[in-house]
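Structure first, commentary second.
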Amino acid sequence: MSFLGPTLVVFAILVAVAIAAVAFEPANPFEKWIRLAERYATERRPSEIQFADQRMMFGGKRGRLKPLTPFVTIDATIDDFGLWLVCKGVEAEDFDPALKIPGTHVRAAGEHGQHYLFDLYAEPPVRIAVQEALGRELLQRVRP
(Lines give C-alpha, C1' and ligand atoms only; values in the text may rest on other atoms or scores of the structure.)
Protein backbone atom coordinates (compact mmCIF):
# COMPACT_ATOMS: atom_id res chain seq x y z
CA MET A 1 0.00 0.00 0.00
CA SER A 2 2.91 2.39 0.56
CA PHE A 3 3.70 2.39 -3.17
CA LEU A 4 0.18 3.63 -4.01
CA GLY A 5 0.86 7.27 -3.00
CA PRO A 6 3.77 7.90 -5.40
CA THR A 7 1.93 6.03 -8.15
CA LEU A 8 -1.08 8.32 -7.83
CA VAL A 9 1.16 11.39 -7.94
CA VAL A 10 2.87 10.16 -11.13
CA PHE A 11 -0.52 9.31 -12.65
CA ALA A 12 -1.87 12.80 -11.80
CA ILE A 13 1.18 14.42 -13.42
CA LEU A 14 0.75 12.33 -16.57
CA VAL A 15 -2.95 13.25 -16.79
CA ALA A 16 -2.11 16.96 -16.38
CA VAL A 17 0.56 16.77 -19.10
CA ALA A 18 -1.82 14.94 -21.46
CA ILE A 19 -4.56 17.55 -20.95
CA ALA A 20 -2.08 20.38 -21.49
CA ALA A 21 -0.78 18.76 -24.69
CA VAL A 22 -4.29 18.39 -26.11
CA ALA A 23 -5.39 21.89 -25.07
CA PHE A 24 -2.18 23.58 -26.30
CA GLU A 25 -2.70 25.57 -29.48
CA PRO A 26 0.50 26.87 -31.04
CA ALA A 27 0.44 30.57 -31.84
CA ASN A 28 1.22 30.58 -35.55
CA PRO A 29 -0.88 33.32 -37.12
CA PHE A 30 0.10 32.31 -40.68
CA GLU A 31 -1.47 28.92 -40.02
CA LYS A 32 -4.72 30.73 -39.21
CA TRP A 33 -4.54 32.79 -42.41
CA ILE A 34 -3.90 29.64 -44.45
CA ARG A 35 -6.89 27.94 -42.80
CA LEU A 36 -9.05 30.90 -43.85
CA ALA A 37 -7.51 30.95 -47.35
CA GLU A 38 -8.42 27.30 -47.89
CA ARG A 39 -12.05 28.32 -47.61
CA TYR A 40 -12.26 31.98 -48.69
CA ALA A 41 -9.33 32.76 -51.03
CA THR A 42 -10.20 34.78 -54.12
CA GLU A 43 -8.37 36.33 -57.03
CA ARG A 44 -10.79 39.27 -57.02
CA ARG A 45 -10.31 42.48 -55.07
CA PRO A 46 -12.91 44.86 -53.62
CA SER A 47 -13.74 47.89 -55.77
CA GLU A 48 -12.71 50.27 -52.97
CA ILE A 49 -10.81 49.96 -49.71
CA GLN A 50 -12.64 51.30 -46.65
CA PHE A 51 -10.05 50.51 -43.98
CA ALA A 52 -6.48 50.67 -45.27
CA ASP A 53 -3.35 49.44 -43.49
CA GLN A 54 -5.06 47.69 -40.58
CA ARG A 55 -3.05 45.81 -37.99
CA MET A 56 -5.05 42.66 -37.31
CA MET A 57 -4.20 39.84 -34.97
CA PHE A 58 -5.05 36.20 -35.62
CA GLY A 59 -5.44 33.20 -33.35
CA GLY A 60 -7.87 30.62 -32.07
CA LYS A 61 -10.50 30.65 -29.39
CA ARG A 62 -7.81 29.62 -26.93
CA GLY A 63 -4.42 31.19 -26.82
CA ARG A 64 -2.92 34.53 -27.69
CA LEU A 65 -3.73 36.55 -30.75
CA LYS A 66 -0.74 37.68 -32.81
CA PRO A 67 -0.18 39.78 -35.94
CA LEU A 68 0.98 37.87 -39.02
CA THR A 69 4.31 39.75 -38.82
CA PRO A 70 5.24 43.25 -37.66
CA PHE A 71 5.49 44.36 -41.32
CA VAL A 72 2.18 43.02 -42.65
CA THR A 73 -0.86 45.26 -42.98
CA ILE A 74 -4.32 44.32 -44.15
CA ASP A 75 -6.76 46.34 -46.22
CA ALA A 76 -10.34 45.60 -45.21
CA THR A 77 -13.68 46.35 -46.79
CA ILE A 78 -17.17 45.60 -45.56
CA ASP A 79 -19.90 45.37 -48.20
CA ASP A 80 -23.28 43.72 -48.66
CA PHE A 81 -21.61 40.34 -49.16
CA GLY A 82 -19.41 40.42 -46.08
CA LEU A 83 -15.79 41.08 -45.19
CA TRP A 84 -12.89 41.44 -47.62
CA LEU A 85 -9.32 41.10 -46.32
CA VAL A 86 -6.33 41.85 -48.55
CA CYS A 87 -2.93 41.16 -47.02
CA LYS A 88 0.00 43.40 -47.96
CA GLY A 89 3.64 42.77 -47.19
CA VAL A 90 3.99 39.04 -47.86
CA GLU A 91 5.77 37.98 -51.05
CA ALA A 92 5.32 34.21 -51.21
CA GLU A 93 4.19 32.12 -54.18
CA ASP A 94 1.83 29.86 -52.24
CA PHE A 95 0.31 32.65 -50.16
CA ASP A 96 -3.24 33.75 -51.00
CA PRO A 97 -3.34 37.49 -50.26
CA ALA A 98 -7.10 38.10 -50.61
CA LEU A 99 -10.04 36.63 -48.68
CA LYS A 100 -13.74 37.19 -49.27
CA ILE A 101 -15.63 36.09 -46.14
CA PRO A 102 -19.45 36.02 -46.21
CA GLY A 103 -21.09 38.10 -43.49
CA THR A 104 -22.91 35.00 -42.24
CA HIS A 105 -19.53 33.46 -41.39
CA VAL A 106 -18.45 36.31 -39.09
CA ARG A 107 -19.51 36.30 -35.43
CA ALA A 108 -18.83 38.93 -32.76
CA ALA A 109 -16.80 37.48 -29.88
CA GLY A 110 -16.35 40.49 -27.58
CA GLU A 111 -13.84 43.24 -26.94
CA HIS A 112 -10.29 43.21 -25.68
CA GLY A 113 -8.84 46.61 -24.83
CA GLN A 114 -8.99 48.75 -27.95
CA HIS A 115 -9.71 45.77 -30.20
CA TYR A 116 -12.94 44.07 -31.22
CA LEU A 117 -12.86 40.28 -31.42
CA PHE A 118 -14.60 38.27 -34.13
CA ASP A 119 -14.76 34.56 -34.90
CA LEU A 120 -14.53 33.60 -38.56
CA TYR A 121 -16.02 30.30 -39.61
CA ALA A 122 -13.31 27.76 -40.41
CA GLU A 123 -12.49 24.33 -39.03
CA PRO A 124 -11.84 25.18 -36.18
CA PRO A 125 -12.91 28.85 -36.08
CA VAL A 126 -10.28 31.56 -36.38
CA ARG A 127 -10.45 34.52 -34.02
CA ILE A 128 -9.35 37.93 -35.23
CA ALA A 129 -8.81 41.18 -33.33
CA VAL A 130 -9.43 44.36 -35.30
CA GLN A 131 -8.93 48.04 -34.51
CA GLU A 132 -11.71 50.31 -33.31
CA ALA A 133 -13.14 51.87 -36.50
CA LEU A 134 -13.23 48.62 -38.44
CA GLY A 135 -14.46 46.76 -35.36
CA ARG A 136 -17.39 49.12 -34.78
CA GLU A 137 -18.48 48.94 -38.42
CA LEU A 138 -18.17 45.16 -38.57
CA LEU A 139 -20.02 44.79 -35.27
CA GLN A 140 -22.96 46.76 -36.67
CA ARG A 141 -23.08 44.51 -39.73
CA VAL A 142 -22.94 41.17 -37.90
CA ARG A 143 -25.46 41.95 -35.17
CA PRO A 144 -28.87 40.37 -35.85
Side-chain angles (χ1 to χ4, degrees), residues 5-144:
T7 304
L8 288 176
V9 170
V10 169
F11 183 71
I13 291 172
L14 288 175
V15 168
V17 168
I19 290 171
V22 169
F24 178 70
E25 186 173 327
N28 181 0
F30 273 110
E31 177 186 318
K32 307 301 181 190
W33 182 273
I34 291 169
R35 186 178 307 147
L36 290 171
E38 289 171 354
R39 188 172 205 92
Y40 304 115
T42 182
E43 295 294 321
R44 298 177 45 210
R45 298 291 189 270
S47 56
E48 71 174 84
I49 300 297
Q50 294 172 327
F51 303 95
D53 300 325
Q54 297 291 303
R55 301 267 181 209
M56 291 185 182
M57 294 186 287
F58 293 82
K61 287 189 174 186
R62 298 179 306 240
R64 242 177 74 191
L65 299 171
K66 290 183 161 183
L68 294 178
T69 71
F71 308 108
V72 169
T73 60
I74 296 175
D75 290 342
T77 299
I78 302 169
D79 63 11
D80 292 337
F81 178 79
L83 176 66
W84 293 78
L85 301 177
V86 180
C87 184
K88 300 185 308 187
V90 177
E91 301 296 330
E93 282 185 28
D94 297 334
F95 184 78
D96 293 308
L99 305 177
K100 184 179 177 185
I101 304 165
T104 56
H105 293 192
V106 180
R107 299 281 187 261
E111 296 180 35
H112 185 271
Q114 296 182 355
H115 290 92
Y116 288 86
L117 303 176
F118 295 92
D119 289 333
L120 306 178
Y121 180 75
E123 292 297 329
V126 172
R127 181 160 287 173
I128 62 171
V130 299
Q131 295 172 349
E132 288 184 5
L134 172 58
R136 282 190 302 272
E137 179 74 23
L138 190 56
L139 188 61
Q140 289 177 357
R141 294 289 182 114
V142 300
R143 281 196 176 149

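Treat the numbers as computed from the prediction; the structure is a model and nothing was measured. The basis for the numbers below is simple: all heavy atoms, side chains too, and nothing from hydrogens, waters or symmetry mates. The first residue in the sequence is number 1, and the count goes up from there.
For the residue pair Gly60 and Lys32, the shortest heavy atom distance occurs at N-CE, 3.8 Å. Residue Ala76 comes nearest to Met56 through the heavy atom pair CB-CE, 4.0 Å, listed as atom of the first residue, atom of the second, then distance. The shortest non-hydrogen separation linking Cys87 to Ile74 is CA-CG1, 4.2 Å.
Screening residues 42-78 for ring-ring contact (aromatic ring centres under 6.0 Å, His included), with sequence neighbours left out, gives Trp33-Phe58. Among residues at least two apart or in separate chains, salt bridge (charged side-chain N to carboxylate O under 4.0 Å, His left out) pairs with a member in residues 44-56 are Asp53-Lys88.
In this structure, CD1 on Ile101 lies 11.0 Å from CD1 on Ile78, to the nearest 0.5 angstrom. Here Glu31 contributes atom CD and Leu36 contributes atom CG; the two are 11.0 Å apart, rounded to the nearest 0.5 Å. Annotation: the span from His115 atom NE2 to Leu65 atom CG amounts to 9.0 Å, rounded to 0.5 Å. Annotation: the span from Gln54 atom CD to Leu85 atom CG amounts to 10.0 Å, rounded to 0.5 Å. For the atom pair Glu38 CD and Glu123 CD, the distance stands at 11.0 Å (nearest 0.5 Å).
Residues meeting the salt bridge (charged side-chain N to carboxylate O under 4.0 Å, His left out) test with Glu111, sequence neighbours left out: none. Listed by chain and number, the residues in a ring pair (Phe, Tyr, Trp, His ring centres under 6.0 Å) with His105 are Tyr40, Tyr121 (sequence neighbours excluded). Thr77 is linked by a side-chain contact (heavy atoms from CB on, under 4.5 Å) to Pro46, Ile49, Gln50, Trp84, counting only residues two or more places apart in sequence or in another chain. Residues satisfying the ring pair (Phe, Tyr, Trp, His ring centres under 6.0 Å) test with Tyr116, not counting sequence neighbours, are none. Residues satisfying the ring pair (Phe, Tyr, Trp, His ring centres under 6.0 Å) criterion with Phe118, sequence neighbours excluded, are absent altogether. Taking the side-chain contact (heavy atoms from CB on, under 4.5 Å) definition, one finds that Phe81 meets it with Asp79, Lys100, Pro102, sequence neighbours left out.
Between the side chain of Arg64 and the main chain of Gly59, no donor-acceptor pair closer than 3.5 Å is present.
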I'd like a table of donor-acceptor pairs (distance under 3.5 Å, sequence neighbours excluded) in which one partner is a side-chain atom from residues 125-140, with atom names and distances.
from	atom 1	to	atom 2	distance (Å)
Arg127	NE	Asp119	OD1	2.7
Arg127	NH2	Asp119	OD1	3.3
Arg127	NH2	Asp119	OD2	3.1

